[in-house]
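Remember, it's 1-based here, ligands and their atoms both numbered in the order they're listed.
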Amino acid sequence: MNYHIATIPGDGIGPEIVREACKVLDQTGKVFGHTFQYTEVLMGGCSIDAYGVPLTEEALETAKKSDSVLLGAVGGNVGNSRWYDVAPNLRPEAGLLAIRKGLNLFANIRPAYLYQELAAACPLKKEIIGEGFDLVIMRELTGGLYFGERWTKEVDGVMTAVDTLTYNENEIRRIAVKAFDIAMKRKKHVTSVDKANVLDSSRLWRKVVEEVAKDYPEVTLTHMLVDNCAMQLVMNPGQFDVILTENMFGDILSDEASMITGSIGMLSSASMNESKFGLYEPSHGSAPDIAGMDVANPIATILSAAMMLRYSFDLDQEASAIEKAVQQVLTEGYRTADIYSPGCEKVGCSRMGDLIAERIR
Ligand code: IPM
Ligand code: MG
């Protein structure tokens with residue numbers, strides 16, 4: 001088959017890691033008889049430089065017309081870059097929020113899995129790691145605080161800023177359904193994370209999630225408050241299967257979950273709409289401090305490309321081939337700087353891509 005992929009290299013390390021993911025995709029295509037055609041799209045700081053806005057209508061249209069989107073990362077050093085001397089809706093991250101909204105990508109799937117090979121890079125104690133962990137965060141991506149009304153102005157002579165957190169029952173239901181569907185293919189346990197002891201939006205969240213759970217009698221549902229969840233993730237990560245949560249909680253918890261896998265450079269992600277269309281990106285940022293130095297870890301982006309094959313194109317075998325190649329490279333002892341431990345061989349971004357591509361079969 002022939003697939004059209006819109007690539008968004010973005011800023012910082014984005015171009016380097018997307019290049020490696022395309023390298024691995026191309027090799028996978030060669031081995032399994034597919035072709036991938038790429039159309040590059042600007043978003044984030046590079047789009048601001050070229051067009052004055054972080055995402056143009058044309059860029060969004062190109063993404064819409066593609067079979068799926070592969071994204072690196074956007075943004076620069078907040079507070080220390082020309083991209084941030086402008087209104088919030090013109091900053092690089094606004095492009096990311098706009099494309100998520102524009103493509104209706106409400107379901108963000110972020111798996112966190114501990115490779116035994118990386119146990120040394122995991123900051124948790126051995127007793128806590130135990131048998132390891134394998135969890136998925138299902139983060140609502142187009143609602144809540146990041147999309148609510150916001151303003152900053154003087155009220156009675158005092159500077160005041162407001163952000164609003166809104167969810168309606170339909171938004172909650174559709175993401176809950178996605179979480180239960182994925183749980184059915186895994187260990188059949190959903191932990192719904194909220195702040196129902198304080199927030200109205202969380203109380204509605206809990207009620208709707210409980211309604212959805214009735215359609216999945218095989219799945220165990222647990223509710224957990226977000227502050228407790230942050231603690232449980234570093235105390236007993238093995239207890240989780242699918243964590244279902246709203247936008248901001250998912251943003252924060254997914255960084256935490258990625259770090260306990262050894263490095264945020266390992267965590268892939270898929271953002272999906274109602275159909276099979278998706279945008280695939282690493283969960284990490286653009287790491288401007290190491291951009292262009294060929295030291296970034298491309299694995300999260302490569303694993304995101306594997307998710308694309310599985311979720312958007314139904315190419316399970318091909319996706320597994322990429323995941324196995326990553327596993328093999330780690331078993332053989334190759335590491336980028338972020339996951340390096342003594343006794344391993346340190347390699348750069350591009351070499352890591354080569355090593356993984358060579359092992360696709
Ligand atoms: C992420 C990022 C984004 C988010 C930022 C860059 C807007 O942190 O994908 O987790 O908060 O969603
Ligand atoms: Mg984040």
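Restricting Asp251 to its N/O/S atoms, the shortest distance to the Mg ion (ligand 2) is reached by OD1.
Residues Pro92 and Tyr84 meet the side-chain proximity criterion, which asks for heavy atoms closer than 4.5 Å.
With Arg110, Met248, Glu93, His284 as candidates, the residue nearest to atom 1 (C) of ligand 1 on a non-hydrogen basis is Arg110.
Within the 2.8 Å limit, Asp255 places no N, O or S atom next to the Mg ion (ligand 2).
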message: Could you go through Cys122 and Ile129, starting from their C-alpha distance and side-chain angles, then the distance that decides it, and tell me whether this counts as side chain to side chain contact (heavy atoms under 4.5 Å, CB included)?
response: CA-CA 9 Å; Cys122 172; Ile129 301 173; 3.6 Å; yes
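Residue Tyr146 approaches ligand 1 through these ligand atoms, each under 4.0 Å from one of its heavy atoms: 11 (O).
Under 4.0 angstrom from ligand 1, the non-hydrogen atoms of Arg139 all belong to its side chain.
Pairing each heavy atom of Ala306 with each of Glu323, the nearest pair is CB-OE2, 4.1 Å. Heavy-atom minimum distance, Arg139 versus Ile175: O-CD1, 3.9 Å.
Using a 4.0 angstrom heavy-atom cutoff, Arg100 counts as in contact with ligand 1.
The nearest heavy-atom contact from the protein to atom 8 (O) of ligand 1 is Asp251 OD1, 3.3 Å.
Taking the six-membered ring for Trp and the full ring otherwise, Phe133 and Phe240 have centroids separated by 6.0 Å or more.
Cation-pi contact between Lys101 and Phe147: present, with separation from the ring centre below 6.0 Å and deviation from the ring axis of at most 45°.
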